[in-house]
Amino acid sequence: AQSVTQPDIHITVSEGASLELRCNYSYGATPYLFWYVQSPGQGLQLLLKYFSGDTLVQGIKGFEAEFKRSQSSFNLRKPSVHWSDAAEYFCAVKPGYSTLTFGKGTMLLVSP
Amino acid sequence: KAGVTQTPRYLIKTRGQQVTLSCSPISGHRSVSWYQQTPGQGLQFLFEYFSETQRNKGNFPGRFSGRQFSNSRSEMNVSTLELGDSALYLCASSPNDRQGLDTYEQYFGPGTRLTVT
């Protein structure tokens, strides 16, 4: 069965510093890959997605993610974090016609 | 366009009761999925509907059921509630592209917070 691993439960980053959130998946073929963000009391918002093509994808709010097939990874990055980025981030994969599977999430804390 | 709406936003029920949650997708979206979110298990897929047909179902007991209406609105029902059913229930709708194919982009509602006492 496919699985998604987000190894960091919590990450604290200083405002203005760069951010990288890790995501690894386990599946034979390359699935569709997504990053979502959830603010407290809110639903999930799609940040970006990768289906095929260029392995560096740009998303909303200044986020980008890089797909690395050899590492089965899809890490999320942002060059300069803002206090409003504090939220929980979820990586998700969708292999073929199967359903969307989410990682456990990484809680991002932004310190002043 | 209005986003995905879910009603009610908060619900308190007693063990053994049943509950119905409602989801209105974004206009034009025909695919609706439901997820259960808990601190321990994270986000777990419940079911997906497309054009009134259940297309996929997650690994949940038969107490969990759903349906979709001709206007794409969806409901999910949980019968004989257990304490472990306390969770945030999220609904997401997904558009099709111009060829009618899935885009796999899911737009989530704010969720219904169900507390079972």
> Got a sec: does the CZ of B:Arg63 have more than 12 other heavy atoms crowding it under 6.0 Å?
Replying inline: yes

>> Same cluster or not: A:Phe74 versus A:Ile11, using hydrophobic residues (I, L, V, M, F, W, Y) connected whenever any side-chain heavy atoms lie under 4.5 Å apart?
In response: yes

> Would you say A:Ile9 has more than 12 foreign heavy atoms packed within less than 6.0 Å of its CD1?
Replying inline: no

>> With a 6.0 Å cut-off (strictly less than), is the heavy-atom count around NZ of B:Lys57, excluding the residue itself, greater than 12?
In response: yes

>> Can you give me the closest heavy-atom contact between A:Leu44 and B:Phe108, atom names plus distance?
In response: O-CB, 3.3 Å

> Would you say B:Val32 and B:Leu114 are hydrophobically clustered, going by side-chain heavy atoms of ILVMFWY under 4.5 Å?
Replying inline: yes

>> Does atom CG (B:Asn71) have a neighbourhood of more than 12 heavy atoms from anything else shown, all under 6.0 Å?
In response: yes

> Under 6.0 Å from the NZ atom of A:Lys78, do we count more than 12 heavy atoms belonging to anything else shown?
Replying inline: yes

> In residues 99-112 of chain A, which residues are in contact with chain B at a heavy-atom separation under 4.5 Å?
Replying inline: A:Thr99, A:Leu100, A:Phe102, A:Lys104

> What distance do A:Gln38 atom CD and B:Leu43 atom CG have between them, rounded to the nearest 0.5 Å?
Replying inline: 6.5 Å

>> On a heavy-atom basis, which atom in A:Tyr36 and which in B:Glu105 lie closest, and how many Å separate them?
In response: OH-C, 4.5 Å

>> For residues B:Tyr49 and B:Tyr107: do they belong to one hydrophobic cluster (side chain heavy atoms under 4.5 Å, members Ile, Leu, Val, Met, Phe, Trp, Tyr)?
In response: no

>> Heavy-atom cut-off 4.5 Å, strictly under: side chain, backbone, both or neither for B:Arg9 against chain A?
In response: side chain

>> Applying side-chain contact (heavy atoms from CB on, under 4.5 Å) to A:Phe34 and B:Gln106, what does each step give before you reach the verdict?
In response: CA-CA 10 Å; A:Phe34 307 83; B:Gln106 299 208 335; over 6 Å; no

